[in-house]
Asker: 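Here it is: the structure, laid out below.
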Amino acid sequence: ESASMSTINIQKALADGLTFRALPDTVRDILAWFNQERSGDDELRTGIKPEREAEVLVAWREQMQS
């Protein structure tokens, strides 16, 4: 399903000024923002909570069976 992401023509966006940042710069700035904004108990994590993941998987399985 995500294969089409590789085939999208971005020439118009580039012509309109789209630029790219170096990955190390992006990571550095995200960590700086996170450290500035967090309340102290926050953890840097990705994804959704396990409970929500379970709900989504149940709904997906039900849809696949329909």
Asker: Drop me the distance from Glu62's CD to Gln65's CD, to the nearest 0.5 angstrom.
Answerer: 7.5 Å
Asker: If you compare all heavy atoms of Arg28 against all heavy atoms of Asp25, which two are closest, and at what distance to 0.1 Å?
Answerer: NH1-OD1, 3.3 Å
Asker: Between Phe20 and Leu14, does the side-chain contact (heavy atoms from CB on, under 4.5 Å) criterion hold? Intermediate values first, please.
Answerer: CA-CA 10 Å; Phe20 300 92; Leu14 291 171; 3.7 Å; yes
Asker: Determine the sole option in Ile30, Leu23, Asp29 for which the side chain to side chain contact (heavy atoms under 4.5 Å, CB included) test with Val27 is passed.
Answerer: Leu23
Asker: Taking the side chain as everything from C-beta on, heavy atoms only, tell me whether Lys12 gets closer than 4.5 Å to Leu18.
Answerer: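 They are not in side-chain contact.
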